[in-house]
Amino acid sequence: MSALTAFTHQAWQDHADDPRGVADRLPQALPLVADDNGLLGLIGLAHHVLGEHLGAWQEGLDYCEQLRALPAFDAAQTSGASLRRVQAALKLGGALADERADLSSSDQVRVTVMAAANLAGRDAARSASLLQQACDDALAAALPASDPVPRSIAASANGIAATLEEKPARSEAETALMLAAAEVARRFWEIAGTWLEVERADYRLAMSCTQAGQLERARGHARQCLTIVQAHDNVALEVFFGFEALAVVERAAGNAAAFADAVSAAREAFSRLGEGDVGWCQASLDKLAVGAPLPP
């Protein structure tokens, strides 16, 4: 493992709990960059931490300039286009400038949805507006199926919904954005993904709807998640998360028997997981074991 790979791996592990600490360490990685792949990895990390987590718009732009000054940087390479998008997204998110008109139709949409993701936790109204604009522009542009825009929108929207689900005290605007983002993720995964991404988008909708108190709708998405999995060989990992979602819904609804049945099914699927999946699924299983179903 190269020194840069080790740095970025550790940074991704640390960033959720200590985004400022990771941001402060970012300059240490600059001398480690030797090629375009190294630049791409560092650009993505810096944008995520300085944009989405910290909203440190100018700090992010300053770091972009440091990346641009590296000997390994070549504007004609993939990292050049990536850096242009990141700079435009940081400027748009921070209301510093709107440089989208200078970009291709595809990059304009990608920058818009990147800015929406960066703003989700701090300005729900602007985030929702930009997310809707990205969707409208993507559909109007009639981009080819090979274009990265649908996948970019789907992934960013899923991230917005997941982030807001974890927020302990959401405003009405944030709850509305959470639901809209989960819906957008499913819509665009149908364009860009396989059954797996669509099924996981139903999982996301089940969880977001539960957080919003829309339990009947949440139950429908959890069951749809399981229906899709059953049509594709009942992959143990996907079965596990489908029943986890259903258990979360039934616990929120106070349905003790249905909750117990869903937990039992999740445990059965857990017992069939491959060794590589057991560790990171254990936390989800443990959460189901904590507490009885909530009263309706």
Side-chain angles (χ1 to χ4, degrees), residues 12-13 16-17 154-155 157-170 174-175 178-190 192-296:
W12 280 113
Q13 285 193 318
D17 295 326
N158 180 81
I160 291 171
T163 296
L164 290 174
E165 282 174 21
E166 298 296 324
K167 194 165 185 178
R170 287 180 306 274
E174 288 169 336
T175 297
M178 175 183 68
L179 291 172
E183 292 163 2
V184 165
R186 194 188 192 286
R187 179 181 185 184
F188 278 86
W189 277 130
E190 286 184 333
T194 66
W195 70 267
L196 185 64
E197 286 87 7
V198 174
E199 171 256 314
R200 290 179 178 182
D202 271 311
Y203 170 92
R204 181 87 288 129
L205 268 163
M207 299 302 236
S208 289
C209 288
T210 300
Q211 286 292 318
Q214 298 183 10
L215 299 184
E216 190 59 36
R217 186 180 174 201
R219 186 179 290 111
H221 283 294
R223 288 175 175 166
Q224 178 62 18
C225 174
L226 288 164
T227 296
I228 294 172
V229 175
Q230 288 163 4
H232 293 87
D233 300 324
N234 279 314
V235 177
L237 180 64
E238 308 308 316
V239 173
F240 172 76
F241 281 112
F243 278 111
E244 180 214 7
L246 188 58
V248 168
V249 175
E250 300 301 357
R251 179 164 58 189
N255 296 330
F259 170 73
D261 287 345
V263 171
S264 177
R267 288 186 183 280
E268 189 281 328
F270 184 86
S271 72
R272 296 188 287 112
L273 292 177
E275 184 177 347
D277 292 325
V278 169
W280 68 280
C281 291
Q282 185 67 56
S284 296
L285 188 62
D286 291 345
K287 287 180 182 178
L288 294 180
V290 177
L294 302 177

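- Remark: Arg187 engages no residue in a salt bridge (Lys or Arg N to Asp or Glu O under 4.0 Å) (not counting sequence neighbours).
- Across Val249 and Ala218, no two heavy atoms sit closer than the pair CG2-CB, 3.7 Å.
- Atom CZ of Phe259 is separated from atom CG of Leu288 by 6.0 Å, given to the nearest 0.5 angstrom.
- Taking CZ from Arg217 and CG from Leu205, the interatomic distance works out to 6.0 Å, rounded to the nearest 0.5 Å.
- Rounding to the nearest 0.5 angstrom, the gap separating the CD atom in Glu197 from the OG1 atom in Thr194 is 3.5 Å.
- Across all their heavy atoms, Ala212 and Thr175 have their closest contact at CB-CG2, 3.8 Å.
- Among residues two or more places apart in sequence or in another chain, the ring-ring contact (aromatic ring centres under 6.0 Å, His included) test is passed with Tyr203 by Phe241.
- Nearest heavy-atom pair, Ala182 versus Ala161, reported as atom, atom and distance to 0.1 Å: N-CB, 3.8 Å.
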Practice problem: Under the side chain to side chain contact (heavy atoms under 4.5 Å, CB included) rule, what do Met207 and Glu244 come out as? Steps first, then yes or no, please. | Solution: CA-CA 10 Å; Met207 299 302 236; Glu244 180 214 7; 3.8 Å; yes
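- The side chain to side chain contact (heavy atoms under 4.5 Å, CB included) test applied to Ala185 returns Ala157, Asn158, Trp189, not counting sequence neighbours.
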Practice problem: Give the C-alpha distance, both sets of side-chain angles, the deciding distance and a yes or no for side chain to side chain contact (heavy atoms under 4.5 Å, CB included) between Phe243 and Arg267. | Solution: CA-CA 9 Å; Phe243 278 111; Arg267 288 186 183 280; over 6 Å; no
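- Distance check, rounded to the nearest 0.5 Å: CD of Glu174 to CD1 of Ile160 gives 12.0 Å.
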Determine all donor-acceptor pairs shorter than 3.5 Å in which one atom belongs to a side chain in residues 272-279; sequence neighbours excluded.
| residue | atom | partner | partner atom | Å |
| --- | --- | --- | --- | --- |
| Arg272 | NE | Glu268 | OE1 | 3.4 |
| Arg272 | NE | Glu268 | OE2 | 3.0 |
| Asp277 | OD1 | Trp280 | NE1 | 3.1 |

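- Here OG1 of Thr163 is found 11.5 Å from CE of Met178. Values are rounded to the nearest 0.5 Å.
- Separation of atoms NE2 (His221) and CD (Gln214) is listed at 9.0 Å; rounding is to 0.5 Å.
- Judged by distance alone, the side chain of Arg219 and the main-chain N or O of Ala253 form no donor-acceptor pair under 3.5 Å.
- Listed by chain and number, the residues in a salt bridge (Lys or Arg N to Asp or Glu O under 4.0 Å) with Glu165 are Arg204 (sequence neighbours excluded).
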Side-chain donor-acceptor contacts of residues 222-238 below 3.5 Å, not counting sequence neighbours, with atom names and distances?
| residue | atom | partner | partner atom | Å |
| --- | --- | --- | --- | --- |
| Thr227 | OG1 | Arg223 | O | 3.0 |
| His232 | ND1 | Ile228 | O | 2.9 |
| Glu238 | OE1 | Arg200 | NE | 3.1 |
| Glu238 | OE2 | Arg200 | NE | 3.4 |
| Glu238 | OE2 | Arg200 | NH2 | 2.6 |

